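The structure under discussion appears below in the form of structure tokens.
From a predicted model like this one, the values you see are computed outputs, not experimental measurements. We name chains A, B, ... by the order of the sequence lines, and we start the count at 1 in each one.
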2 protein chains.
Amino acid sequence: MPTSLRPSQALRLWHDVTFDLVRDGEHDLSARQMAVLLTVYLEMPPHTVRGLAAKLGVTKPAITRALDTMGRLGLVSRHRDAADRRNVVVQRTVAGALAVERLGDLIIARHKELPP
Amino acid sequence: MPTSLRPSQALRLWHDVTFDLVRDGEHDLSARQMAVLLTVYLEMPPHTVRGLAAKLGVTKPAITRALDTMGRLGLVSRHRDAADRRNVVVQRTVAGALAVERLGDLIIARHKELPP
DNA sequence: GCTAAATAGAACGGTTCCGAAACGATTGCG
DNA sequence: CGCAATCGTTTCGGAACCGTTCTATTTAGC
């Protein structure tokens, strides 16, 4: 575990990274979309619409729409589950992995710049 | 400066905090609104609509609307500048300070929980 | 004083997102 | 087989937000 963040550092970090995301305007993802994206890329698959909706505490159509948007951006892809064809599994993409990786780099860079 | 975050830790932190924000659903602020809120509470006043728009690289009406929403939520307040009555200065509120403080606590808590 | 510049906000049309409800497709169970 | 349950999606009306454009107010310069 890293050394503890102080409140001013924590907020400064959040501000700086959010600021970069808005300023660069690449993603323009809502908080929900960001939560879905990171859940898909950080947690163990498989990820279904229902599972994501339950985990995030939102409705299924909200997940469907988030996946629509992120699919349009190439950040995730959807695939029918062959075993149970009612299910849709959300899969990672190269572009999505790159975007997540860039976000990680951004957080780390801003974290390094934090005042002591 | 805290010890450096590793990529997996940085992304895990971002995921966990975003997840909490979505799950608890208290704020429901967009990335822009979050950037405005944290800028107002972290950077040196005074904050004008024009200044915030220039800093974030968005249009003035976008800032006006963000301030409308956040004012409705009681997170900020607006006042005409007495010196130059064309300007509106954005001021902090008790509720806003509390919300920002809670966000800081959330980030710190999630940061503490990060795997080594 | 009078005009020009600056500032915030309002109006407008288009886009996106929301939750609730309804719907088709699929599966499991009796 | 038949019927209920499950799953993802679509539809619907409403709300929020976007950028552009325009307006009202105020200030600065001549």
(message) Under 4.5 Å side-chain heavy-atom separation, chaining through any Ile, Leu, Val, Met, Phe, Trp or Tyr, what else clusters with B:Met44? Say none if it is isolated.
(response) none
(request) Quick one: name the residues clustered hydrophobically with B:Val94, using the 4.5 Å side-chain heavy-atom rule over I, L, V, M, F, W, Y, and just say none if it's on its own. (result)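 Other cluster members: B:Leu98.
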(request) Would you check if there is a donor-acceptor pair between the side chains of B:Gln91 and B:His79 at a distance under 3.5 Å? (result)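 Their side chains do contain a donor-acceptor pair, which is all the 3.5 Å distance test asks for.
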(request) Not counting sequence neighbours, which residues clear ring-ring contact (aromatic ring centres under 6.0 Å, His included) with A:His15? List them please. (result) A:Phe19
(request) Check every nucleotide of DNA chain C for an atom under 4.0 Å from a heavy-atom of chain B, then give the first and the last such nucleotide from 5' to 3'. (result) C:dA6 to C:dA10
(request) Sugar-phosphate atoms are those with a prime plus P, OP1 and OP2; base atoms are the rest. Using that split, label each nucleotide of nucleotides 2-16 of chain D B, S or - for protein heavy atoms under 4.0 Å, 5' to 3'. (result) ---BBSBBB------
Could you give all pairs that pass the salt bridge (charged side-chain N to carboxylate O under 4.0 Å, His left out) test and reach [range], with sequence neighbours left out?
range: residues 85-100 of chain A; result: A:Asp84-A:Arg86
range: residues 41-55 of chain A; result: A:Glu43-A:Lys55, A:Glu43-B:Arg12
range: residues 64-73 of chain A; result: A:Asp68-A:Arg78

(request) Please determine if a side-chain N or O atom of B:Arg32 lies less than 4.0 Å away from the OP1 or OP2 oxygen of D:dG19. (result)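 Answer is yes, contact under 4.0 Å.
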(message) Here's a test of your reading of the structure: between A:Ala82 and A:Ala62, which maps to the more 5' nucleotide of DNA chain C?
(response) A:Ala62
(message) Both A:Arg85 and A:Ser30 contact DNA chain C. Which one's nearest nucleotide lies toward the 5' end?
(response) A:Ser30
(message) Could you work out, with salt bridge (Lys or Arg N to Asp or Glu O under 4.0 Å) as the rule, every residue matching B:Arg110, not counting sequence neighbours?
(response)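 B:Arg110 satisfies salt bridge (Lys or Arg N to Asp or Glu O under 4.0 Å) with B:Asp20, B:Glu113 only.
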(request) Select base, sugar-phosphate, or nothing to describe what B:Ala53 touches, counting heavy atoms under 4.0 Å on all strands. (result) nothing
